[in-house]
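Predicted model only: the values in this text are computed from it and were never measured. When reading the values below, keep in mind they use all heavy atoms of this one structure, side chains included, and skip hydrogens, waters and symmetry mates.
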Amino acid sequence: MNADLYNGLTLAYIGDAVYEIYIRKYGLSLELTKVKDLHKKAIQYTNASFQARAIHYLINQNILMEDEIKIYKRGRNSHVHTARKNVDLSEYLDATGFEALIGYLYLNDKKDRLEQLIEISIGLD
């Protein structure tokens, strides 16, 4: 699939699902067996605040390539007018950009890079 054909929100929609699977798999790797514990661990990494922190780290540490920053900005600059409860709009937009990047990498079959960025992000906790 050519991810260049999709807008930022569509990429974020796919990226959200892909990232969630990776995070749930990470929870299982920690040998968490109760769904309640898996859920608690997952929400630590899938909330907008964490994703915003992760994308800022990736940018500030010069980990992202120029084309990846463009994809992040495509997602961040999408026409989102409301955020979820208890989330600053700026954080929500950054998280949308993060998810757009994840979706883009997934749709373009860049699995190694996808996993590298998710690993770095998980390491922030």
If we ignore hydrogens and angles and just use 3.5 Å, is the side chain of Asp37 paired with the main-chain N or O of Leu32 as donor and acceptor? no

Examine distances only and state if a side-chain atom of Tyr57 and a backbone atom of Ile120 form a donor-acceptor pair shorter than 3.5 Å. no

Would the distance check show the side chain of Arg74 and the main-chain N or O of Tyr6 forming a donor-acceptor pair, the cut-off being under 3.5 Å? yes

Is a side-chain donor or acceptor of Asn108 paired with a backbone partner of Lys110 at a separation under 3.5 angstrom? no

Determine whether more than 12 heavy atoms belonging to other residues, nucleotides or ligands lie under 6.0 Å from atom CD of Glu119. no

Name of the residue among Tyr19, Phe98, Phe50, Tyr22 meeting ring pair (Phe, Tyr, Trp, His ring centres under 6.0 Å) with Tyr45: Phe50

Between Asn47 (side chain) and Ile43 (backbone), is there a donor-acceptor pair under 3.5 Å? yes

Side-chain heavy-atom pair Ser49, Gln44 within 4.5 angstrom cut-off: no

Answer yes or no: are there more than 12 heavy-atom neighbours, outside Arg113 itself, under 6.0 Å from its atom CZ? yes

Does any non-hydrogen side-chain atom of Leu105 lie less than 4.5 Å from one of Glu68? yes

Heavy atoms, side chains only, cut-off 4.5 Å: are Asp94 and Tyr72 in contact? yes

Crowded around Gln61 CD? As in, over 12 foreign heavy atoms under 6.0 Å? yes

